[in-house]
Amino acid sequence: MEFNLKQILTAFMVLFAVIDIIGNIPIIIDLRKKVGHIQSEKASIIAGIIMVFFLFLGKSLLSFIGIDVNSFAVAGSFILFFIALEMILGITLYKDDADSGTITATVFPLAFPLIAGPGSLTTLLSLRAEFAIENIIVAVFLNVLVIYMVLKTSSKIERLIGATGIQIIRKVFGVILLAIAVKLFAANIKMLF
């Protein structure tokens with residue numbers, strides 16, 4: 001087991017950009033208004049468990065159906081590319097039905113699919129093609145801590161940053177994510193040929 005600070009920071013930033021917890025503050029606030037209370041601890045822990053579980057199970061599942069990690073990483077780079085476009089251009093290419101209106105809002109749609117959704121799960125397997133698994137797990141853990149802090153203080157963050165600040169953060173992370181998607185595609189497409 002060898003921890004690499006550069007890999008941890010890169011994986012953390014990629015996951016942070018994909019999860020986009022800051023950009024999801026308006027959705028979180030709307031959920032709180034609809035259901036009254038969201039259990040920040042439970043949502044964070046469930047999202048973390050889903051991500052770590054998929055990090056380990058995903059590769060076995062892919063092997064079972066005959067897909068290698070590099071192929072999945074190339075497919076994941078396309079998803080990251082489109083998520084980045086959504087963030088930069090302010091458009092919605094993929095939309096979930098977030099109208100649960102029940103007490104289960106902590107688990108669905110918050111923990112899954114808002115936090116641990118298709119983008120973050122694909123990203124985890126894409127990262128696994130390039131980084132050591134222990135560094136990815138640390139990055140997931142750090143993201144879970146950030147998610148917990150943001151969920152606990154979402155109303156204060158919204159007042160502090162404002163709608164314009166949230167939009168700026170989304171666009172900056174969108175550009176970073178776009179560059180990472182291109183790099184991920186380039187690195188893994190070579191492995192396929």
Side-chain angles (χ1 to χ4, degrees), residues 6 8-48 50-51 76-102 105-124 126-127 139-185:
K6 184 180 178 190
I8 291 169
L9 288 175
T10 304
F12 170 79
M13 291 300 288
V14 171
L15 284 170
F16 185 79
V18 172
I19 293 168
D20 188 27
I21 195 68
I22 302 292
N24 283 322
I25 287 175
I27 298 167
I28 294 164
I29 290 168
D30 285 346
L31 275 174
R32 281 206 167 136
K33 287 177 185 170
K34 284 180 186 174
V35 298
H37 175 70
I38 291 174
Q39 297 170 330
S40 304
E41 301 87 359
K42 188 175 180 182
S44 303
I45 291 169
I46 289 172
I50 290 170
M51 287 189 279
S77 71
F78 285 114
I79 291 175
L80 294 180
F81 179 82
F82 289 118
I83 291 170
L85 284 182
E86 285 183 343
M87 292 168 74
I88 295 166
L89 302 176
I91 57 174
T92 303
L93 299 172
Y94 174 78
K95 184 161 175 63
D96 269 330
D97 180 21
D99 297 328
S100 65
T102 66
T106 297
V107 177
F108 181 84
L110 187 55
F112 179 83
L114 195 64
I115 297 169
S120 56
L121 298 180
T122 304
T123 301
L124 285 168
S126 301
L127 289 171
V140 168
F141 177 74
L142 293 173
N143 267 287
V144 168
L145 287 178
V146 171
I147 290 164
Y148 170 73
M149 289 187 289
V150 169
L151 289 176
K152 270 295 194 204
T153 61
S154 57
S155 300
K156 292 176 187 172
I157 291 171
E158 187 191 35
R159 285 193 303 271
L160 182 69
I161 297 175
T164 306
I166 289 172
Q167 288 302 321
I168 291 168
I169 290 170
R170 280 188 72 130
K171 292 192 187 311
V172 168
F173 276 104
V175 171
I176 292 169
L177 191 60
L178 192 59
I180 290 166
V182 170
K183 182 184 175 209
L184 195 60
F185 176 83

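Since this is a predicted model, take the numbers as computed values, not measurements. Quick note: numbers below take in every heavy atom, side chains included, and nothing from hydrogens, waters or symmetry partners.
Distance check, rounded to the nearest 0.5 Å: CD1 of I157 to CE of M149 gives 8.5 Å. Atom CD1 of I147 is separated from atom CG of L142 by 11.0 Å, given to the nearest 0.5 angstrom. Note that the CE atom of M87 and the CG atom of L177 stand 6.0 Å from one another [nearest 0.5 Å]. Distance check: I25 CD1 to I169 CD1 gives 7.5 Å after rounding to the nearest 0.5 Å. Put simply, CD1 on I166 and CG on N24 are 10.0 Å apart, with the number rounded to the nearest 0.5 Å. To the nearest 0.5 Å, atom CD1 of residue I46 and atom CD of residue Q39 are 8.5 Å apart.
Across every non-hydrogen atom of V150 and I22, the tightest pair is CG2-CD1, 3.9 Å. Here the closest non-hydrogen pair linking A111 and A43 is CB-O, 3.5 Å. A pairwise comparison of heavy atoms in I91 and L85 identifies CG1-O, 4.2 Å as the closest pair. Nearest heavy-atom pair, G76 versus S126, reported as atom, atom and distance to 0.1 Å: CA-OG, 3.6 Å.
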Inset, instruction - Could you walk me through whether I21 and I28 pass the side-chain contact (heavy atoms from CB on, under 4.5 Å) test, one step at a time? - result: CA-CA 9 Å; I21 195 68; I28 294 164; 3.8 Å; yes

Inset, instruction - Would you please test V140 and L124 for side-chain contact (heavy atoms from CB on, under 4.5 Å) and show each step? - result: CA-CA 9 Å; V140 168; L124 285 168; 3.6 Å; yes

Legend entry - Trace of the side-chain contact (heavy atoms from CB on, under 4.5 Å) decision for L127 with L15: CA-CA 9 Å; L127 289 171; L15 284 170; 4.1 Å; yes

Can you give me every donor-acceptor pair (side chain of residues 178-185, partner residue at least two apart or in another chain, under 3.5 Å) with its distance?
none

Identify all side-chain donor-acceptor contacts of residues 112-123 below 3.5 Å with residues at least two apart in sequence or on another chain.
| from | atom 1 | to | atom 2 | distance (Å) |
| --- | --- | --- | --- | --- |
| S120 | OG | I115 | O | 3.1 |
| S120 | OG | G117 | N | 3.0 |
| S120 | OG | G117 | O | 3.1 |
| T122 | OG1 | P118 | O | 2.7 |
| T123 | OG1 | G119 | O | 2.5 |

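Listed by chain and number, the residues in a side chain to side chain donor-acceptor pair (under 3.5 Å) with T10 amount to none (sequence neighbours excluded). The salt bridge (Lys or Arg N to Asp or Glu O under 4.0 Å) test applied to K152 returns E41, not counting sequence neighbours.
Residue pairs satisfying the salt bridge (Lys or Arg N to Asp or Glu O under 4.0 Å) criterion with at least one member in residues 166-177, sequence neighbours excluded, are listed as follows: D20-R170. A ring-ring contact (aromatic ring centres under 6.0 Å, His included) check over residues 159-184, counting only residues at least two apart or in different chains, returns the pairs F16-F173.
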